[in-house]
2 protein chains.
Amino acid sequence: MNKRLLLLSNSTNPDENYLSWPKSHIKDFLGSELKKILFIPYAAVTISYDNYFNAVSGSLKSHGFQIESIHQIEKIEGIIQNYDAMIIGGGNTFRLIDLLQKKKLLEPVRKAVENGMPYIGWSAGSNITSPTIMTTNDMPIVEPESFRGLNLIPFQLNPHYTEATLPNHGGESRIMRINEFTTINQNTYVVGLPEGSLLRQEGAQLYFMGKGNCTVFYHGTIPQLFKDGDDMSWLLKV
Amino acid sequence: MNKRLLLLSNSTNPDENYLSWPKSHIKDFLGSELKKILFIPYAAVTISYDNYFNAVSGSLKSHGFQIESIHQIEKIEGIIQNYDAMIIGGGNTFRLIDLLQKKKLLEPVRKAVENGMPYIGWSAGSNITSPTIMTTNDMPIVEPESFRGLNLIPFQLNPHYTEATLPNHGGESRIMRINEFTTINQNTYVVGLPEGSLLRQEGAQLYFMGKGNCTVFYHGTIPQLFKDGDDMSWLLKV
């Protein structure tokens with residue numbers, strides 16, 4: 001089966017309604033056939049799963065999708081196959097991967113997507129599709145069993161990518177952080193996805209869509225820039 | 001023996017010379033008796049240990065300190081006791097704790113400081129004196145064996161603390177990140193140290209010194225603010 005991924009940098013741009021910018025992309029990705037969608041809210045830390053789920057389903061249900069949240073299901077073993085697609089939302093990447101590990105969901109999710117189940121993620125939910133969670137921006141508020149991710153793509157994602165820095169602040173810029181990663185991990189590509197942008201995989205094809213530059217880092221090379229509509233399929237073969 | 005710690009938020013303020021702002025604090029902390037100092041550069045990722053050490057010793061040697069870097073010593077087992085004080089510099093916290101674990105230095109460093117060896121750290125070097133590294137700002141570019149820190153203080157430090165945010169960017173603010181930590185870790189204090197500030201411990205006494213507000217977070221409470229010269233000794237008993 002063709003692997004199908006919609007990896008969003010972020011859910012919502014500043015001063016816009018919740019899930020506003022990616023809505024048309026989600027609709028186009030899911031089409032009219034895929035009705036029953038599983039939502040996984042485990043990245044949430046400071047909001048309740050109920051509130052998180054209500055925000056997501058409130059934004060997407062007008063398109064005729066039937067969304068259910070895994071936190072409202074009593075026995076989760078084996079349930080993924082009952083759905084047509086899945087959405088993993090953002091929050092804290094360490095919290096998300098820790099709960100997926102503890103609930104033994106990492107392998108079932110990975111297998112379902114490898115077998116063709118469409119996957120939508122944003123922020124932490126996009127981060128974890130990489131080989132590891134090592135290019136997250138999040139604070140390591142819990143210690144997961146391992147940094148291994150879903151490994152659905154062969155490169156690392158950095159969501160909320162920005163080259164902006166705080167004035168009069170000496171902390172590392174995002175570029176410095178990613179350069180630290182590529183210095184230690186010299187054989188791994190890192191893709192910086194600015195807010196309001198996404199990667200869409202359809203089998204052997206990968207495209208960048210949205211605002212700003214998709215910035216690709218690799219040790220010892222100058223970062224490569226890509227823009228809306230660019231074919232990034234070469235990244236699936238690295 | 002009295003525990004003695006000088007925990008700096010950062011090495012250098014923007015547009016200032018390297019180690020400029022903390023120099024007088026370091027001099028006062030070490031006094032004129034402590035001459036032989038061990039430097040540990042393992043947090044460095046994108047600069048060489050030689051360059052890092054040269055910058056640090058170049059800045060401090062005019063005060064008559066004799067500084068040696070651990071990376072220039074062939075056999076490091078048991079060497080800590082040959083020194084009067086130690087400095088652990090900043091960089092990447094995950095890299096630093098990973099190398100301290102791999103080189104089996106975590107316990108010797110902890111014991112030496114518990115037994116009275118003065119400790120100076122900045123950024124990552126301050127972070128690791130907490131019970132865990134869970135309030136670092138750094139990217140998890142390597143996977144350490146464990147998130148456990150030196151546990152020399154009973155609370156978590158967040159260096160480079162700032163309440164500033166990037167305009168038109170939806171990523172989490174520092175306050176949101178620390179609130180995520182205290183939501184999951186409800187019995188742990190987090191101390192935000194702005195750049196240009198420090199905590200100094202002398203046995204049972206702890207003081208905040210420097211620019212801006214020292215901001216103390218605890219789950220379910222309003223953050224408490226402290227300023228230059230404030231006695232923070234109560235934090236040693238939490």
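Each chain gets a letter, A, B and so on, in the order its sequence line appears, and its residues count up from 1.
- Interface residue A:Ile178: backbone and side-chain heavy atoms are both found under 4.5 Å from chain B.
- The OG1 atom of B:Thr188 lies 12.0 Å from the CD1 atom of A:Ile141; values are rounded to the nearest 0.5 Å.
- For the set A:His169, A:Arg174, A:Glu172, the entry with the most heavy-atom pairs within less than 4.5 Å of chain B is A:His169.
- Only the side chain of A:Glu195 comes within contact range of chain B, with heavy atoms under 4.5 Å apart.
- Here the options are A:Thr93, A:Thr135, A:Thr136, A:Thr132, the test is side-chain contact (heavy atoms from CB on, under 4.5 Å), and the partner is B:Pro140; only A:Thr136 passes.
- For A:Glu16, no part lies near chain B; criterion is any non-hydrogen pair under 4.5 Å.
- Heavy-atom pairs under 4.5 Å with chain A peak, among B:Leu166, B:Asn10, B:Thr162, at B:Leu166.
- Among A:Ser123, A:Ala164, A:Ser9, A:Gly90, the residue making the largest number of heavy-atom pairs under 4.5 Å with chain B is A:Ala164.
- If you measure heavy-atom distances from B:Ser146 to chain A, the contacts under 4.5 Å come from both the backbone and the side chain.
- Highest contact tally toward chain B, considering only A:Ile133, A:Asp138, A:Thr12, A:Thr182, is held by A:Asp138 [criterion: heavy-atom pairs under 4.5 Å].
- When each of A:Glu180, A:Arg95, A:Met176, A:His160 is scored by its heavy-atom pairs under 4.5 Å with chain B, the top score falls to A:Glu180.
- Of the atoms belonging to A:Thr183, it is side-chain heavy atoms, and not backbone ones, that fall under 4.5 Å from chain B.
- Among A:Asn158, A:Asn137, A:Asp15, the residue with the largest count of heavy-atom pairs under 4.5 Å with chain B is A:Asn137.
- For A:Lys23, the NZ atom counts as densely surrounded, since its 6.0 Å shell holds more than 12 non-hydrogen atoms of other residues, nucleotides or ligands.
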Could you walk me through whether A:Met134 and B:Glu143 satisfy the side-chain contact (heavy atoms from CB on, under 4.5 Å) test, starting with their C-alpha distance in whole Å, then the side-chain angles of each, then the deciding distance to 0.1 Å, before giving a yes or no? CA-CA 8 Å; A:Met134 291 184 189; B:Glu143 181 170 357; 4.0 Å; yes
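- Of the two parts of A:Pro14, only the side chain, counted from C-beta on, holds a non-hydrogen atom closer than 4.5 Å to a non-hydrogen atom of chain B.
- Between B:Phe147 and A:Phe94, the ring planes lie perpendicular to each other; the angle is over 60°, past the 30° to 60° tilted range.
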